[in-house]
Amino acid sequence: LVVWLKHAFSRELRCLISLVGLGIILGGVSSWNYAIDQAQISLSTLPTPAGVSPSADLNPFIMASLCAAMILLLALFTWLGVFLLSRKPIFELLQGETAQNPRRQKRPSSTVSSEILPSITLSPTSSFTHAESTRPGYPASKAHPAKRRKYTPSSLVPYVLQHALRSRLKSTLTLAVALGFVLAAGWIQQTIARSRIQVDQLYDTTVIEADILRNSTVSSAGGKDFLSRETIYRVLHSGFVETSVLEAVSVWTKIENLAADKFYERFLVYAYDRPEAFLADISNPGALVFAPGWDIQRFVEPRTLEEIQQEGLPALLPATLIELLEVDVGETVRIADRTNRAYTCIIAGQYPSRKGGAIQSTQGDTISSPILIPLSTLEALEGDQTQYTQAHFRLDPQKNRELSQFRAEMEDVMKVYSGKFRFMIWDEELRIVVAQLEQNLSLLRVLYPLVLAVSVLIGAGLCFLLLLQVTREAAILRVLGTTKAVVQLALIVEPLILSMIGVIFGLGIAYFWWTTSGLVSAGTLLISAGLYLAGVMAGSVSGAISVSNKKPLELLQVKE
């Protein structure tokens with residue numbers, strides 16, 4: 001294989017393949033390591049089952065195979081280009097023409113092809129002698145060069161156009177690179193815009209919930225056992241809460257049926273602020289029975305202390321307590337709260353049992369469940385002394401971007417409970433998804449200017465290298481008397497025009513694909529296109545100067 005490569009490729013091509021292969025290996029190793037690190041970071045943020053640790057490690061043989069495949073493709077295409085180039089006639093290569101069409105008539109090789117230099121005039125400094133111009137077969141139109149028009153910049157237009165059409169591969173490459181650059185810049189911009197829209201949509205639509213939870217690992221000594229009304233008030237008025245579900249607890253020291261002369265002491269009372277909370281706490285909601293004129297909506301209506309004192313407070317009693325008190329649904333009893341203030345209680349309904357264990361009264365009777373009343377009623381009775389046991393909140397999605405600030409504020413609020421309660425915001429899913437999108441968005445924002453810079457350098461380098469391939473044409477123009485400035489102008493105009501055509505096509509496609517939908521700004525695309533054309537101009541100018549500054553005869557010499 002080494003011997004075959006040595007004979008198949010010249011020293012320059014072998015050096016080129018070696019350098020490019022080294023670049024592929026170095027770039028592949030660094031890119032592989034970076035991709036593995038980023039994949040490991042992304043996998044570490046995903047929730048996994050217990051005992052499962054995601055791994056992003058891959059066999060290095062895969063990377064080696066990819067690099068080897070790229071190097072082999074490079075060598076294959078290089079050999080194919082050399083093979084096709086070596087099969088062309090020598091005179092055709094010297095003239096810079098493409099393969100001849102078999103239908104075209106052969107022309108005498110002794111004359112200068114009009115396709116190479118259309119309408120080129122010979123200046124008085126031309127190396128052609130008068131004897132050569134008068135020899136048999138020499139065109140009569142070229143017998144008196146002094147009478148023809150001098151080769152000016154305006155007469156370069158046909159040459160530039162025909163040279164661009166004749167060099168189809170170079171022209172197509174220049175157009176394709178300019179078109180691809182604009183499309184790549186537009187694609188990156190629209191990807192950034194779509195990622196930003198997705199992040200904003202997640203922030204604005206994801207519903208986050210929060211709870212105040214009791215920390216079972218902390219002893220009750222030295223701390224508060226219940227949530228105070230001040231704590232609930234600060235959470236509700238923080239500006240982050242949209243809705244809430246609260247639960248409070250109290251004790252009625254006495255329940256008395258005056259008509260039957262029966263009373264029981266110390267009953268636990270639960271209070272909720274929403275109808276669904278009452279139904280969720282009952283083991284069989286279908287067995288709930290309301291008194292005539294009562295339903296769940298009327299039962300949970302807010303009431304002031306004055307209304308309670310005048311009309312009485314509604315309550316749902318368990319069936320066992322109604323049986324012990326010898327009362328029916330719709331009747332009234334007398335109760336005393338934990339401060340021994342007496343109120344009239346309306347038995348708005350009864351329920352069979354509550355989810356949970358039984359409760360024992362002080363007289364030894366087993367009461368299956370506590371008394372249920374609306375939270376607004378308990379707050380009206382006890383005011384700031386209301387004791388909350390649970391608090392569930394639904395947060396406003398418009399405030400999702402400020403959850404870190406809200407979490408810090410709630411941590412300060414919970415400090416008064418000495419670690420017995422903690423404020424938990426259930427935003428893990430939002431943080432995982434948004435963190436990944438934000439990371440991708442940040443990466444795209446960093447890569448975008450780098451892609452622009454690399455693309456500009458590629459455009460400049462491509463134009464510079466392509467101009468180095470037209471040294472023979474530049475030498476012929478100089479031999480025929482064309483000034484150095486005109487030659488430089490001809491060399492600069494051709495890649496610049498081709499790049500402008502490619503950029504215009506790219507801007508048109510990007511406009512219909514992304515700009516009309518509002519994803520990409522037209523001004524940003526124009527700036528990117530301007531930067532690329534500036535790079536093309538720099539590469540063209542440097543290449544034209546490098547080519548035209550050499551001596552014409554030196555350019556025409558064939559080096560072994």
Side-chain angles (χ1 to χ4, degrees), residues 229 232-233 236 241-252 254-260 264 267-338 341-356 359 367-383 385-394:
R229 189 174 186 181
I232 301 299
Y233 181 86
L236 293 177
V241 178
E242 193 174 59
T243 59
S244 63
V245 177
L246 304 175
E247 177 182 330
V249 66
S250 183
V251 174
W252 285 354
K254 181 185 292 187
I255 300 179
E256 182 178 6
N257 183 359
L258 298 178
Y264 289 87
F267 281 89
L268 195 63
V269 177
Y270 280 4
Y272 303 97
D273 63 342
R274 292 189 173 274
E276 55 269 18
F278 285 97
L279 299 178
D281 200 38
I282 297 174
S283 60
N284 185 11
L288 176 63
V289 178
F290 281 99
W294 287 87
D295 56 18
I296 191 65
Q297 297 299 330
R298 182 186 175 187
F299 177 71
V300 298
E301 287 179 356
R303 294 170 176 81
T304 63
L305 182 60
E306 291 77 9
E307 293 175 344
I308 293 173
Q309 291 173 346
Q310 294 175 2
E311 303 173 3
L313 62 92
L316 296 178
L317 272 62
T320 53
L321 180 59
I322 291 179
E323 182 180 353
L324 290 173
L325 291 173
E326 298 180 0
V327 294
D328 292 327
V329 175
E331 296 182 4
T332 60
V333 293
R334 195 74 172 168
I335 66 100
D337 63 6
R338 62 180 177 176
R341 289 177 296 184
Y343 298 94
T344 300
C345 174
I346 303 173
I347 304 175
Q350 73 170 7
Y351 67 95
S353 63
R354 177 183 177 271
K355 295 178 181 179
I359 300 174
I367 308 301
S368 61
S369 295
I371 299 171
L372 306 181
I373 64 173
L375 181 62
S376 60
T377 300
L378 183 62
E379 290 176 340
L381 295 177
E382 299 187 354
Q385 302 302 317
T386 305
Q387 298 175 340
Y388 299 86
T389 56
Q390 292 184 14
H392 176 79
F393 307 96
R394 179 175 177 175

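The structure displayed is predicted, hence computed values, not measured ones. Residue numbers count from 1 along this sequence.
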Verdict with supporting geometry, Y388 and E379, side chain to side chain donor-acceptor pair (under 3.5 Å)
CA-CA 10 Å; Y388 299 86; E379 290 176 340; 2.4 Å; yes
Between R394 and S244, does any side-chain donor sit less than 3.5 Å from a side-chain acceptor?
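S244 and R394 do not have a side-chain donor-acceptor pair below 3.5 Å.
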Applying side-chain contact (heavy atoms from CB on, under 4.5 Å), run through Q350 and L316 and close with a yes or a no.
CA-CA 5 Å; Q350 73 170 7; L316 296 178; over 6 Å; no
Can you measure from [atom1] ([X]) to [atom2] ([Y]) and round to the nearest 0.5 angstrom?
X: T332; Y: E311; atom1: OG1; atom2: CD; result: 13.5 Å
X: T243; Y: F393; atom1: OG1; atom2: CZ; result: 10.0 Å
X: S250; Y: I373; atom1: OG; atom2: CD1; result: 7.0 Å
X: T389; Y: E247; atom1: OG1; atom2: CD; result: 3.5 Å
X: W252; Y: R334; atom1: CH2; atom2: CZ; result: 12.0 Å
X: L317; Y: L324; atom1: CG; atom2: CG; result: 10.5 Å

Does E323 CD have over 12 foreign heavy atoms under 6.0 Å away?
no
Got a sec: does the CD of Q385 have more than 12 other heavy atoms crowding it under 6.0 Å?
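For Q385, atom CD is not crowded (no more than 12 foreign heavy atoms under 6.0 Å).
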Is the backbone of [Y] close enough, under 3.5 Å, to the side chain of [X] for a donor and an acceptor to pair up by distance?
X: R298; Y: G293; result: yes
X: D273; Y: L375; result: no
X: R303; Y: A380; result: no

Testing the basics here: between [X] and [Y], what is the closest heavy-atom pair and its distance to 0.1 Å?
X: Y270; Y: Y272; answer: CD2-OH, 3.6 Å
X: V329; Y: G349; answer: CG1-CA, 3.8 Å
X: P314; Y: P374; answer: O-CD, 3.9 Å
X: L246; Y: I232; answer: CD1-CG2, 3.7 Å

Is E301 close to E307 at the side-chain level, that is, under 4.5 Å between some pair of heavy atoms?
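Side chain of E307 against side chain of E301, heavy atoms only: no contact under 4.5 Å found.
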Taking the side chain as everything from C-beta on, heavy atoms only, tell me whether I255 gets closer than 4.5 Å to I371.
yes
With side-chain contact (heavy atoms from CB on, under 4.5 Å) as the criterion, how do Y343 and T377 come out once you've worked through the C-alpha distance, each side chain's angles and the decisive distance to 0.1 Å?
CA-CA 12 Å; Y343 298 94; T377 300; over 6 Å; no
Apply side-chain contact (heavy atoms from CB on, under 4.5 Å) to the pair I335 and L313, showing each step before the final yes or no.
CA-CA 10 Å; I335 66 100; L313 62 92; 4.2 Å; yes
E382/R229 salt bridge by N-O under 4.0 Å criterion:
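The answer is no: the pair does not qualify as a salt bridge.
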Between F299 and F278, does the ring pair (Phe, Tyr, Trp, His ring centres under 6.0 Å) criterion hold? Intermediate values first, please.
CA-CA 10 Å; F299 177 71; F278 285 97; 5.3 Å; yes
Test side-chain contact (heavy atoms from CB on, under 4.5 Å) on L279 and L288; report intermediate values, then the result.
CA-CA 9 Å; L279 299 178; L288 176 63; 4.1 Å; yes
